[in-house]
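Before any comments, here is the structure.
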Amino acid sequence: MKRALKITLSVFGAFAVLVLAALFYYLGTTAGIKLNPNKLTLDTTCVQIFDQGGNPIEGENKFDVSYERFPKALPNAFVAVEDKNFYKHHGFDYKRIAKAAMKNVATFSFREGASTISQQLIKNTHLTSEKTLNRKLKEFKLTRALEKKYTKQEIMELYLNSIYFGHSAFGIGSAAQYYFGKNTEDLTPAECAMLAALVKSPNRYSPFRDPEKCLARRNLVLKLMREQKYLSAREYDEALNTPLPEKPAESKTGNAYLTRVWEELAELFPDAQSGELGALKVFTFYDPALQKELETTQADSDLCLLVRDNKTHGIKALHSTIGTPKRLPASTIKPLLVYAPALEENLISPLTPVLDAKTDFGGYCPDDYSGATGEYMSVRYALSHSVNIPAVKILNELGVERAVKYLAKMNLNVERDDYSLALALGGMKEGFTLPQLADGYATFSNDGQFAVSKTIQRIENGKGKELYRFRPFLQKTFSHEVSFLINDMLQTAVQEGTARKLKSLPFPICAKTGTGGTDRGNTDVYTVSYTKEDTVAVWMGNRDNSPIDATGGGLPANAALRINEFLYRNGAPEPFPETCDGIEKATYDKDEYRANHKIVLADPSAPLLFGGTEYFRIGALPKEISTRFSNPTIQTPKISVKNGAVCIQLCQTQYYEYIIKRENRGKTVTVYNGKYKSVIYDNSVCAGESYTYTVIPVYREREGTAVKLPPVIIDSNQNIPDDWWE
C-alpha cells in the first residue's frame, strides 16, 4: 500500500512539475505579448511595394467594408468551410484540434490544421506563419484576448477585411471588385462561396489559373453551406449552376506593372494561404517617371508597352490596356526563329543571296507584303526590310525542328501542332506575350545569353529580413558572333529598313517591326528596339482581333522613338562594339555578286569602286578570291563581219584597257591598244582573206589572259560603203 502511495505521489509530483514547467515556459514565452487593436487593420497585413528608388508605389486599392454591408451568405460561407463552430467556441475548437492531432500522429505529418477564424486573424495580423511551439503559445494568448475584447461579428469583419484573396486583392472589398466588379453587399451565394474557396491557397484555386480546381473547391463550400443549413435547396441548386468568372472584372490598380508584380509574388509563394503574404516589403525595378511616359501613349486600339533593363533583366515600366496576353508575333519572330539560328548553323551570312520569288512549299505559298520582287537580295536586306519569302526559304533549309529548339532556349515554346513553315511569319495558334518577345530580343544585346525579366528585385519581411533576391539565370542561346551580326543587321533596319522612323536617334539602336493580320486587315503591329542598356517593346491591336489602321513601322515605331528619346534624354547609351572576336569584315566582288549571285572575295588589286564590304564569321568566310584585276579575264568577245569590216564586241569589261592583235598569213599586227569600247572595228582587211584575232585585257599595264577568237573570212562580194564608220 505504501509502495503504491509512493508511486502515485511520485507520478503526481512529476506531473505537477511538468505542469509548472509548462506554465512557466508559457508565461516566459508570452511575456510582453499583447493584443494590439491597431494591428487588426488592413494596412498592417498588406504587402508594401516600392519603386527602384525605395519609394512606395501609389495606387494600391485598400478599403474596409463594415459587417452591416456583408450579405448573409458571406460570413456563412467562411464559417461553413473554415470554422463551423465559430459562433459556439471561445476562440478554440478543441474537438477539431483533437481530431487533427490524431490524424497527424497517424500519418506522421503536420498537414492537418485546426485553426479557427479567430486564430487565423491573430496569425495574419500579429504573428508569422512559421509552425513552432513558441508561435502557437503566443497565438493562444492573443486569441483569448481577441475573443474577450471583440464580438463575433467584429471578429468576422476584421478577418474578412484582412485576408488575401490573390491577384493583389487584400480584403473582401478589393476581392469583390476584382473578381466580380461588385460592391460587397451585392455578392451572390455562389460568389461568396468562391471567395471562401480561395483563401486556402489563392494562387492554386484562382479561377483564372485553374478553373477546374476553383470550381471543385467552390462547390465543396456550397455543399458545406447546404449541410449546415445556410442555403435552401433552391439556393444551393442555383449557386451550383452559376459559372465562374472568366477574367477579372477590371484592373484593381489600373497599373499593369503592379499587376505583374503580384503575379510574380504569387509565383514566388504559390502555396501561400490567406494572410501569409502580409507585412512584406517588395522592392521592384519600377521607374515612375518612365512609367508616366509610357502612359502618355495614345492609340485608337489596345496597346502594350514595356521597357526592360538588359543588364539587370528588370522590367522598369509596363503600360497596357489589355494586360500581357499572348498574341501572334508576326515578323518579330524572324530574327529569333530564322536568321539567328541559320547564322548559328552557318547556313547563311548577312550577304547570302536569296531569290525573292513566289514558291510553293508543298501547298504553302507565302507572299511579301507588297508582292514578290522576283529578284535576288541579301539576307541583310531581307531582314532589315522584313521581306517574307526569303525568311520562309531559309527556315525551309534550316528545318522547323532545329529552329524551334532555339526558341525553346528563350522560353518561347511552340506547340507541336504549330510546326510549319508559316512559323517564319509568326503563324501559330497562341503566340507570345510582349515581355517574352522583349526577353528574346534582349538576348542579342547580352552576347547571346538569355534571361527572363522580372519586376521584383528583392523581398523583405516586416522585420527587414531578406526573403528573396532576384538572381537571373543566364542561358547561352547564341554565340557572341551571331549576336554581333544580328545587332548589325537590325541597325540596318533602322538606317534604311522598316524601322527607319528611329533613324533620327543620335546613337546606334537595333529594331525590328512586325505587322500581322488577316484578309480583313492588320491585327497585331509591333516595334521592338534595343540598345546595350534597354529593350523597348511596343504592341498595338484590339483584344477582339478586329482590324486596326496601323503597321509595325508606323504608330508603334513612333511610340518606340519617343520612349527611347525619354530614356536617353540625359546621354546616349553604351554603344555596341564595333569589332568582335570571330568576325571579320571582308571585301567582296560586287560585280560577281550582282551578275552571278555569287559571293567571291574581291581581288586585292581591284579599285575600291568594285568592292563591297560585309561581316562574316571567320569560319564562314568565302574561299574563292577574284583575280580579275591581278589576272584580268574576260568573256569571249563576239566577232562578226559587217560591210567588209571586222566587228569585235566586248562584254561588260569597261574597267580594262585592251590590246587586240590580228594574225594573217603568219604575220601578227596590233590593230587596237586603248580604253574600253563596246565595239571595235577593223576595216584594214582584204576580201578573200582569213584573219584570226586575239583580245588581251590589260589592267594597270598588267596583261591578263588572252582570248583567241574564231577565224573570220572576208567575203569578196561585200561592198564596203564610204561611210562605214557611222
Side-chain angles (χ1 to χ4, degrees), residues 59 181 246-260 288-308 315-333 369-370 386 388 425-428 430-438 441 493-494 497-505 509 511-530 535-567:
E246 296 181 357
K247 59 183 180 180
E250 60 182 32
S251 174
K252 175 175 172 289
T253 63
N255 186 319
Y257 193 98
L258 289 178
T259 300
R260 191 166 182 87
L290 183 58
Q291 178 73 21
K292 187 175 180 181
E293 180 65 25
L294 264 61
E295 290 173 358
T296 64
T297 306
Q298 300 293 322
D300 294 330
S301 64
D302 286 309
L303 51 80
C304 183
L305 311 92
L306 73 82
V307 180
R308 85 180 306 272
I315 297 176
K316 301 200 293 191
L318 171 63
H319 171 56
S320 179
T321 61
I322 193 176
T324 54
K326 290 183 177 181
R327 302 288 296 201
L328 299 186
S331 290
T332 61
I333 200 174
Y369 189 76
S370 300
S386 201
N388 290 337
L425 310 182
M428 57 183 72
E430 288 190 329
F432 308 119
T433 67
L434 195 66
Q436 284 180 307
L437 283 176
Y441 274 84
V494 172
T498 58
R500 56 187 172 273
K501 285 201 172 180
L502 279 66
K503 185 178 180 179
S504 62
L505 292 169
I509 188 168
K512 180 72 186 76
T513 64
T515 303
T518 65
D519 293 339
R520 297 188 299 119
N522 299 334
T523 56
D524 296 274
V525 294
Y526 297 86
T527 291
V528 182
S529 68
Y530 62 92
T535 296
V536 175
V538 180
W539 166 87
M540 293 181 184
N542 288 316
R543 68 184 67 210
D544 61 359
N545 283 309
S546 57
I548 63 171
D549 185 19
T551 62
L555 293 176
N558 287 334
L561 172 64
R562 193 193 74 250
I563 295 167
N564 277 288
E565 288 174 336
F566 182 84
L567 262 176

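The model shown is predicted, which means the values in this text are computed figures rather than measured ones. Computation of the quantities below employed the complete heavy-atom set of this structure, encompassing side-chain atoms and omitting hydrogens, waters and symmetry-equivalent molecules.
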Fill in the blank from the handout: Rounded to the nearest 0.5 angstrom, the NZ-OG1 distance for K316 and T535 is 10.0 Å
Fill in the blank from the handout: Distance col, row L305:CG vs E293:CD, nearest 0.5 angstrom, shows 10.5 Å
Problem - I548 to M540 - nearest heavy-atom pair and separation - result: CD1-O, 3.7 Å
Completion exercise
Correct closest heavy-atom pair for P329 and G426 would be CD-O, 3.7 Å
Handout entry: Residues forming a side chain to side chain donor-acceptor pair (under 3.5 Å) with T321, sequence neighbours excluded
Key = D302
Problem - Any side-chain heavy-atom pair of L303 and T297 under 4.5 Å - result: yes
Problem - Short side-chain to backbone donor-acceptor contact, N542 and D544, under 3.5 Å - result: no
Exercise for the section: Evaluate the side-chain proximity of K501 to L561: yes if any heavy-atom separation is below 4.5 Å, no if none is. Expected result: no
Practice task
Return the set of residues passing side chain to side chain contact (heavy atoms under 4.5 Å, CB included) with T513 (not counting sequence neighbours), or none when no residue passes.
Solution key: T498, A499, T527
Practice task
Might you point out which heavy atoms bring I315 and R260 nearest each other, and give the distance in Å?
Solution key: CD1-NE, 3.5 Å
Practice task
Would you mind reporting whether S331 and N388 have side-chain heavy atoms less than 4.5 Å apart?
Solution key: yes
Completion exercise
Between the CD1 atom in I333 and the CG atom in L328, the distance rounded to the nearest 0.5 Å is 9.5 Å
Exercise for the section: Specify the closest pair of heavy atoms between I563 and V538, including all atoms of both residues, with the distance to one decimal. Expected result: CD1-CG2, 4.5 Å
Handout entry: Closest heavy-atom pair and its distance - T551, P556
Key = O-CD, 3.2 Å
Practice task
Determine, stepwise, if the pair V525 / L555 fulfils side chain to side chain contact (heavy atoms under 4.5 Å, CB included).
Solution key: CA-CA 9 Å; V525 294; L555 293 176; over 6 Å; no
Practice task
Drop me the distance from Y257's OH to L290's CG, to the nearest 0.5 angstrom.
Solution key: 10.0 Å
Handout entry: Side chain R543, main chain P325, donor-acceptor under 3.5 Å
Key = no
Practice task
Using modelled atom types only, decide if a donor and an acceptor are shared between the side chain of Q291 and the backbone of L318 within a distance under 3.5 Å.
Solution key: yes
Problem - N/O donor-acceptor pair under 3.5 Å between Y369 side chain and S386 backbone - result: no
Problem - Heavy-atom donor-acceptor pair, D524 side chain to G541 backbone, under 3.5 Å - result: no
Exercise for the section: Measure from the side-chain N and O atoms of Y441 to the backbone N and O of T332, and report whether any donor-acceptor pair falls under 3.5 Å. Expected result: yes
Fill in the blank from the handout: Closest non-hydrogen atoms of A330 and G514, given as atom of the first, atom of the second and distance, are CB-C, 4.0 Å
Exercise for the section: Examine distances only and state if a side-chain atom of T515 and a backbone atom of G552 form a donor-acceptor pair shorter than 3.5 Å. Expected result: yes
Practice task
May I ask you to check whether over 12 heavy atoms, not counting those of D549, lie within 6.0 Å of atom CG?
Solution key: no
Handout entry: Spacing of W539 atom CH2 and T324 atom OG1 [to the nearest 0.5 Å]
Key = 11.0 Å
Problem - Stepwise side chain to side chain contact (heavy atoms under 4.5 Å, CB included) test for V494 and L505 - result: CA-CA 10 Å; V494 172; L505 292 169; over 6 Å; no
Exercise for the section: Output the distance between atom CG (N522) and atom OG (S301), rounded to the nearest 0.5 Å. Expected result: 11.0 Å
